[in-house]
There are 2 protein chains.
Amino acid sequence: MTTVRGARERARIEITAAIKDEARRQLAEDGAAKLSLRAVARELGMVSSALYRYFPSRDDLLTALIIDAYDSVGAAAETAHADARVLGAPPRDRWLAVCIAVRAWALAHPHEYALIYGSPVPGYTAPEDTVVPASRVGNTLVAVVREAHAARRLVLPPLPAVLRREADRMTGEFAAGLPPEVTATLVACWAQLVGLISFEVFGQFNRVVEAREEFFVHSAAQLAHQVGIIAV
Amino acid sequence: MTTVRGARERARIEITAAIKDEARRQLAEDGAAKLSLRAVARELGMVSSALYRYFPSRDDLLTALIIDAYDSVGAAAETAHADARVLGAPPRDRWLAVCIAVRAWALAHPHEYALIYGSPVPGYTAPEDTVVPASRVGNTLVAVVREAHAARRLVLPPLPAVLRREADRMTGEFAAGLPPEVTATLVACWAQLVGLISFEVFGQFNRVVEAREEFFVHSAAQLAHQVGIIAV
DNA sequence: GCCAAAGCAAGAGCAGTGCTCTCGTTTTAG
DNA sequence: CTAAAACGAGAGCACTGCTCTTGCTTTGGC
């Protein structure tokens, strides 16, 4: 927490939060495309130009929402992992718990999910501020696999020679403590997990998959197996 | 081909195509969010209201582009499959060929890819006209697996009891001739494949995966294995 | 406590958007 | 040949993101 120096700074914090809240409300209702700065300002009883004191542009507001969304889904994954750990769940169940938590968050916040894992809306390059929150879910999966390795519940999948250097680099950069053999596989599984969730959230499973929950749990279990986490 | 009854109908066909071409150009340049009906009309030397004779709304134009994009990537997948088949490639290589073709198409047309596999832009419900083109890639994967089964190059993965009915239904609906044991797995692999491609196209692999090509081919091969296609 | 400086809300205004409606003109079909 | 349908052009509405100017309020250094 930063110290609040005066009434003005306190007001700024509150108004910034109010803007984001209202924007999130409109986002959840109509989607990112229809999010309007003027509508947000109108709903908050202020004039649109005043809003630019807090967010220099519409894209900056969206970026703030993106960061919050990353933090929100990241927190969901982390608490699911922590809960599974205090229950003494085996690695496979911890993996499943995280996957299920991410899916549940996505289904509960489809538009925020679309904001972070759908097509990038503002431009093409993600602002620097997003990379740390963006990696929270990934880091949680790394933690699960790391614990599985420590508990000797991990078999190392074979890794082709061409990916050996890549796996070493990845491991050093964001998966320290993980056997390099699994790092590349884990990244792939993470992308595949998001693919599964995206298909469900974005309606690609309409008329295709009906038993969504069972289908997802089974697929997530397959991913656990693929990354080397042994059953039970 | 429908018969062209007169000059007016011929003109309508040409103008409709010109509108879509120009719209696709602007889409490839600036993305779906910045696609403007007025800009398209301006570039074509017509007034914006005239464009509404051809597409009743911006969303309808986008829907037309979505259908074309589905057809485009579907055709890419089908030709890749056909080429691999005439070369006598084994099932695993046919699977890889289709995956690689879809990825190549996505990297070449990122905004069109975002249109179909990113967040749904217009509303939430996909128009009925999109479901047939949308299934072309999936059908190609079904065909690959079906051929693998016919060539006895397919091992049936175990399927949990909860998904048995679901797998039977899926098979009857869009995967006739496929052993029900693989249908559900195939659908999951299809979603996971799109997850891999989306992460790359949407920049989620920035600072994470560097050897993209090798990483993708290895992951796609893993998916082939997962769906039951045996190596070589 | 005073006062310049900075932060702030409000309003007007600009360029752009999707979309509608009207009005002549042209092409089609009976 | 004529009524009907399709068409292009233009004006106009309501909305958007964003900028600039104008006063007012809070802040921080003296």
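The figures that follow rest on heavy atoms only: side chains count, while hydrogens, waters and symmetry mates do not. Each chain gets a letter, A, B and so on, in the order the sequences are listed, and its residues count up from 1.
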Please give, in whole Å, the distance from [N] [atom2] to [X] [atom1]?
| X | N | atom1 | atom2 | value |
| --- | --- | --- | --- | --- |
| B:Glu9 | C:dT26 | CD | C1' | 16 Å |
| A:Glu14 | C:dA9 | CD | P | 13 Å |
| A:Arg58 | C:dA15 | CZ | C1' | 17 Å |
| B:Leu37 | C:dC19 | CG | P | 6 Å |
| A:Arg8 | C:dA5 | CZ | P | 16 Å |
| A:Leu35 | D:dG17 | CG | P | 8 Å |
| B:Gln26 | C:dG16 | CD | P | 14 Å |

Q | Residue B:Ser36, side-chain atoms from C-beta onward, closest of D:dT16, C:dT17, C:dA10 | A | C:dT17

Side-chain donor/acceptor pairs under 3.5 Å, residues 35-48 of chain B, sequence neighbours excluded:
unit_1	atom_1	unit_2	atom_2	d
B:Ser36	OG	B:Arg38	N	3.2
B:Ser36	OG	B:Ala39	N	3.0

(Q) Enumerate the side chain to side chain donor-acceptor pair (under 3.5 Å) contacts for residues 186-203 of chain B, please, sequence neighbours excluded, ordered by first and then second residue. (A) B:Arg103-B:Glu200, B:Tyr113-B:Ser198

How would you list, by chain and number, every residue that makes a salt bridge (charged side-chain N to carboxylate O under 4.0 Å, His left out) with [X], sequence neighbours excluded?
| X | answer |
| --- | --- |
| B:Asp30 | none |
| A:Glu214 | none |
| B:Arg53 | none |

(Q) Let's see if you get this right: which residues in residues 47-57 of chain A place a heavy atom under 4.0 Å from DNA chain D? (A) A:Ser48, A:Ser49, A:Tyr52, A:Ser57

Q) With a non-hydrogen cut-off below 4.0 angstrom, is A:Leu61 in contact with a base, only sugar-phosphate, or nothing? A) nothing

Q.
Nearest heavy atom decides the nucleotide; on that basis, is B:Arg38 or B:Arg12 closer to the 5' end of DNA chain D?
A. B:Arg12

Q. Taking only N and O in the side chain of B:Arg42, is any of them less than 4.0 Å away from OP1 or OP2 of C:dT17?
A. yes

(Q) At less than 4.0 Å, is any side-chain N or O atom of B:Arg10 found next to OP1 or OP2 of C:dT27? Yes or no. (A) no

Q. Under 4.0 Å between a Lys/Arg side-chain N and an Asp/Glu carboxylate O for B:Arg12 and B:Glu9?
A. no

Q) Regarding A:Glu22 and A:Gln26, is there a side-chain donor-to-acceptor distance under 3.5 Å anywhere? A) yes

